[in-house]
Amino acid sequence: MENIKTVNRIFYLAGGDGSRFGENKLLYPITVDGECKPMYRHALDRVLDIVAGVTTYELYVVTCHSDIYSYVKDLETELPRVHAVDSPDSPKGLSYTIRAGLAAAGATAPGVYDTFLVADMPYISQESLADFMREVTDSGRTVGCMAENGRYKNPVMFQAKLEPELRALTGDCGGKSVFLRHEDEAYVFETAGELADLDRKEDL
């Protein structure tokens, strides 16, 4: 898995509270592939495996939830390329979580890609995520995203030159608006059955 040309910073966005879910959905235990654990852990554990195998990847887990922050903070000593980022303003909107992650990571060099993945996607496979990040970096396109049935979904990738646009986001506006401004420069990775939106318990 080490054949990666470009540094990739991964921002795992775990700042939502799932108000439509009825409780904090990120901490809600669900079973995927026979493993029962909090929702946020399913995709996170797959990302951790990817990061462990690619030394040019850095992971920033951005959250306002103490349970998630503490879990990731404990990993930092054994996984030096994993960082817990406290984002107390995340309840104000997604843009606050994105900006907190970018602020923690600091300025970067041209050619770096920033990948943004939300924490409520427990069905995304490790293989698809790894292939997506590799194919986007290999393509050299300005932006990339996963899609299902022609619909753009998360995760989304941006070249570092777009960071000023991401840092300018406000309120509950996420990176999709930036992606759409550069849609003609996009690499789209189609998948099926992995990118479900789990906004309500009925969606499980």
Side-chain angles (χ1 to χ4, degrees), residues 1-4 6-18 21 23-91 94 96-108 112-134 136-137 146 154-158 160 163 166 174-175 194-195 198:
M1 190 183 286
E2 190 61 55
N3 184 27
I4 302 293
T6 308
V7 172
N8 195 334
R9 305 191 306 183
I10 304 167
F11 296 91
Y12 193 76
L13 308 179
D17 60 7
F21 197 81
E23 60 184 281
N24 187 340
K25 65 179 176 180
L26 299 183
L27 300 177
Y28 189 82
I30 69 168
T31 300
V32 178
D33 295 332
E35 288 190 274
C36 182
K37 48 192 173 185
M39 186 184 294
Y40 84 92
R41 281 277 312 279
H42 288 281
L44 176 59
D45 288 352
R46 295 173 197 132
V47 173
L48 288 169
D49 283 345
I50 293 171
V51 172
V54 182
T55 58
T56 53
Y57 281 175
E58 294 270 340
L59 173 62
Y60 298 84
V61 180
V62 191
T63 187
C64 60
H65 304 300
S66 58
D67 288 355
I68 299 176
Y69 181 85
S70 297
Y71 177 79
V72 178
K73 196 69 179 173
D74 287 344
L75 297 176
E76 288 183 344
T77 53
E78 55 184 284
L79 299 171
R81 288 178 289 107
V82 174
H83 314 280
V85 179
D86 186 26
S87 177
D89 288 331
S90 284
L94 182 56
Y96 290 86
T97 309
I98 292 171
R99 296 202 310 270
L102 290 171
T108 189
V112 171
Y113 278 89
D114 291 331
T115 300
F116 294 89
L117 173 65
V118 292
D120 59 347
M121 299 181 66
Y123 305 119
I124 190 169
S125 73
Q126 183 172 326
E127 180 182 14
S128 291
L129 183 57
D131 287 348
F132 165 66
M133 291 191 292
R134 182 177 61 251
V136 173
T137 54
M146 280 194 176
N154 277 291
V156 186
M157 294 176 65
F158 303 90
E163 282 185 19
L166 293 166
E194 298 184 26
L195 310 178
L198 300 181

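Note that the coordinates shown come from a computational prediction; the quantities given were computed from them, not determined experimentally. What you see below is based on every heavy atom in this structure, not just the backbone, and it leaves out hydrogens, waters and symmetry mates.
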### Which atom of S90 lies closest to which atom of T97, heavy atoms considered
OG-OG1, 2.7 Å
### Query
Can you say whether the rings of F158 and F116 are parallel (under 30°), tilted (30 to 60°) or perpendicular (over 60°)?
perpendicular
### Where T31 and C36 come nearest, the two heavy atoms and their spacing
OG1-CB, 3.4 Å
### Task
Kindly say whether A107 contributes a backbone atom to a donor-acceptor pair with the side chain of E163 at under 3.5 angstrom?
no
### Query
Is a side-chain donor or acceptor of T137 paired with a backbone partner of R134 at a separation under 3.5 angstrom?
yes
### Message
Once rounded to the nearest 0.5 Å, what's the spacing between atom OH of Y123 and atom CG of D33?
### Response
10.0 Å
### Message
Does N154 form a side chain to side chain contact (heavy atoms under 4.5 Å, CB included) with L195? I'd like the steps, not just the answer.
### Response
CA-CA 7 Å; N154 277 291; L195 310 178; over 6 Å; no
### Task
Can you sort out the partners of Y96 under side chain to side chain contact (heavy atoms under 4.5 Å, CB included), two or more places apart, ordered by chain and number?
D89, K92, R99
### Task
Check T115 against P155 and note the closest heavy-atom contact, atom names and distance.
CG2-CB, 4.3 Å
### Task
For residues T77 and D74, report the shortest heavy-atom separation together with the two atoms involved.
OG1-O, 3.5 Å
## Note on the structure
What one should report as the nearest heavy-atom pair of K25 and M39 is O-CB, 3.3 Å
### Query
Is the closest side-chain heavy-atom distance between M133 and Y113 below 4.5 Å?
no
#### Entry: Beyond-backbone contact of L129 with R46, side-chain heavy atoms, under 4.5 angstrom
no
### Test item: L59 and L44 side chains (from C-beta on) under 4.5 Å apart, heavy atoms
yes
## Note on the structure
Which of V47, T55, L48 passes side-chain contact (heavy atoms from CB on, under 4.5 Å) with V51? It is V47
### Message
Does E127, at its CD atom, have more than 12 non-hydrogen atoms belonging to other residues, nucleotides or ligands within less than 6.0 Å?
### Response
no
### Task
State, with a plain yes or no, whether a side-chain heavy atom of V85 is found less than 4.5 Å away from one of F11.
no
### Query
Would you say I98 and V62 make side-chain contact, with heavy atoms under 4.5 Å?
no
#### Entry: Polar side-chain atom of R81 near backbone of V54 as donor-acceptor pair, under 3.5 Å
yes
### Query
Does a side chain donor of either E35 or H42 reach within less than 3.5 Å of an acceptor in the other side chain?
no
### Query
If we only count heavy atoms from C-beta on, is the L102 to R9 side-chain gap below 4.5 Å?
yes
### Task
Answer whether the closest heavy-atom distance between the side chains of I124 and L117 falls below 4.5 Å.
yes
### Task
Kindly compute the distance separating CG (N24) from CG (D67), expressed to the nearest 0.5 Å.
8.5 Å
### Query
Do the side chains of T63 and H65 get nearer than 4.5 Å, heavy atoms only?
yes
### Message
Can you give me the closest heavy-atom contact between G175 and L166, atom names plus distance?
### Response
CA-CD2, 4.2 Å
